[in-house]
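In each ligand, atom 1 is the first atom listed, and ligand 1 is the first ligand listed. All heavy atoms count here, side chains included; hydrogens, waters and symmetry mates do not. Note that the numbering runs from 1 along the sequence shown for the chain.
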Amino acid sequence: MQRSAERIATISAHLNPSPSHQMEGLSAANCRAKGGSPGFKVAILGAAGGIGQPLAMLMKMNPLVSVLHLYDVANSPGVTADISHMDTGAVVRGFLGPQQLEDALTGMDLVVIPAGVPRKPGMTRDDLFNINAGIVKTLCEGIAKCCPKAIVNIISNPVNSTVPIAAEVFKMAGTFDPRRLLGVTMLDVVRANTFVAEVLGLDPREVDVPVVGGHAGVTILPLLSQIKPPCSFTPAETEYLTSRIQNGGTEVVEAKAGAGSATLSMAYAAVKFADACLHGLRGDAAIIQCAFVSSQVTELPFFASKVRLGRSGVEEIFPLGPLNEYERTGLEKAKKELATSIQKGVGFVKK
Ligand SMILES: NC(=O)c1ccc[n+]([C@@H]2O[C@H](COP(=O)([O-])OP(=O)(O)OC[C@H]3O[C@@H](n4cnc5c(N)ncnc54)[C@H](O)[C@@H]3O)[C@@H](O)[C@H]2O)c1
Ligand SMILES: O=C(O)C[C@H](O)C(=O)O
């Protein structure tokens, strides 16, 4: 946790304020502010995108954030100018293009990565691999160099491969700490809570569905037998809910009809997850969320399950707990597909 001491000067430096900001000798650079509130430094890579923009807005509203760096290869100055006018505590700085990546990353406590292309109807997440693998690799090389101790939240798809890519990059750089690398599967939990609450006639805020495995199709495995509050489902309800949760992303991709994939619900989920990471970093007790992490819960090197977040990132990984027959069958299918996706990510960096 660090105190920001250069609040206004940096806003001005990075946004190139227009003359209207500099009337009568007073510019943002010589206002009297001494510093921002104490908190964490967070970077968003891909901050001008469909997820990046609402994510940046929500992170600017988070009282745990003192400095917010918005990096993209396009349009980050405009998004930064816009977000920086919000009267919340975090200082916002914008960074544009690869030559500013290192400045964007230096000193960060948490880096959130939604950079990359989204799906169009008819595509799988794996169809994004060819473009997004290289993007995530480059960004992670920057993290290894400039903020190797940062917690990294990977949103870019296919998460089942991009997280292994990040791990390999960090291993090659000698900076890999498995506790600090987390694939964001929070949207699956958010969807599961919503859909289950609909079926049961409950408030979604009172429902907690563990979702394990990974983040694509059959690798998304909701454990309906372990929901809180404890409830039972008919076989038809189990089938409907599992299928809807596994295909929630495709539901949005088809509804957007070529205009991208989930952005607003994802920004909400990303901020919920990033906030949990920040509470963990602050040392708050019992911060537990599902995430796709380096894991020994199964024989696979990466797996999503409930984890406890703390000052070092992932401090405990919980076992899957008792599964029913339906979930055990789902787990075998999930592991088979996950193994291929993980290997594809590892191979991409090693080749
Ligand atoms: N994990 C999840 O649950 C989840 C949910 C939704 C979307 N996603 C994924 O998130 C990614 C982004 O989705 P979106 O809808 O925001 O896409 P988008 O196209 O709207 O935005 C992506 C942004 O990334 C930027 N970008 C491209 N290359 C970059 C680079 N090298 N460095 C920095 N920024 C770069 C683009 O300029 C753009 O602003 C996609 O891969 C999508 O599949 C994941
Ligand atoms: O479905 C997608 O391609 C985006 C994301 O992974 C989602 O689950 O919404």
Qualifying salt bridge (Lys or Arg N to Asp or Glu O under 4.0 Å) pairs with a residue from residues 68-79, counting only residues at least two apart or across chains: none
Qualifying salt bridge (Lys or Arg N to Asp or Glu O under 4.0 Å) pairs with a residue from residues 305-314, counting only residues at least two apart or across chains: Asp208-Lys306, Arg308-Glu315, Arg308-Glu316
Residue pair Ile155 / Val159, side-chain heavy-atom distance below 4.5 Å: no
Phe233 side chain near Tyr240 side chain, heavy-atom distance below 4.5 Å: no
Ligand 1 polar-atom proximity to protein (N/O, under 3.5 Å):
{"unit_1": "ligand 1", "atom_1": "1 (N)", "unit_2": "Ile155", "atom_2": "O", "d": "3.1"}
{"unit_1": "ligand 1", "atom_1": "1 (N)", "unit_2": "Val184", "atom_2": "O", "d": "3.3"}
{"unit_1": "ligand 1", "atom_1": "3 (O)", "unit_2": "His215", "atom_2": "NE2", "d": "3.1"}
{"unit_1": "ligand 1", "atom_1": "8 (N)", "unit_2": "Asn157", "atom_2": "ND2", "d": "3.4"}
{"unit_1": "ligand 1", "atom_1": "16 (O)", "unit_2": "Gly50", "atom_2": "N", "d": "3.3"}
{"unit_1": "ligand 1", "atom_1": "16 (O)", "unit_2": "Ile51", "atom_2": "N", "d": "2.9"}
{"unit_1": "ligand 1", "atom_1": "20 (O)", "unit_2": "Gly50", "atom_2": "N", "d": "2.7"}
{"unit_1": "ligand 1", "atom_1": "24 (O)", "unit_2": "Gly116", "atom_2": "N", "d": "3.3"}
{"unit_1": "ligand 1", "atom_1": "37 (O)", "unit_2": "Asp72", "atom_2": "OD1", "d": "2.6"}
{"unit_1": "ligand 1", "atom_1": "39 (O)", "unit_2": "Gly49", "atom_2": "N", "d": "3.2"}
{"unit_1": "ligand 1", "atom_1": "39 (O)", "unit_2": "Asp72", "atom_2": "OD1", "d": "3.4"}
{"unit_1": "ligand 1", "atom_1": "39 (O)", "unit_2": "Asp72", "atom_2": "OD2", "d": "2.8"}
{"unit_1": "ligand 1", "atom_1": "41 (O)", "unit_2": "Val117", "atom_2": "O", "d": "2.9"}
{"unit_1": "ligand 1", "atom_1": "41 (O)", "unit_2": "Asn132", "atom_2": "ND2", "d": "3.1"}
{"unit_1": "ligand 1", "atom_1": "41 (O)", "unit_2": "Asn157", "atom_2": "N", "d": "3.2"}
{"unit_1": "ligand 1", "atom_1": "43 (O)", "unit_2": "Asn157", "atom_2": "ND2", "d": "2.9"}

Flag for Lys149-Thr175: side-chain donor and acceptor within less than 3.5 Å: no
Plane angle bin for Phe170 and Phe176 - parallel if under 30°, tilted between 30 and 60°, otherwise perpendicular: parallel
Neighbouring protein residues of ligand 2 - any heavy atom closer than 4.0 Å: Arg119, Arg125, Asn157, Leu187, Arg191, His215, Gly249, Ser261, Ala262
Distance in Å, Leu45 CG paired with Ile143 CD1, rounded so as to fall on 0.5 Å steps: 5.5 Å
Heavy-atom closest pair, residues Arg282 and Phe40: N-CZ, 3.7 Å
Aromatic centroids of Phe95 and His69 separated by under 6.0 Å: yes
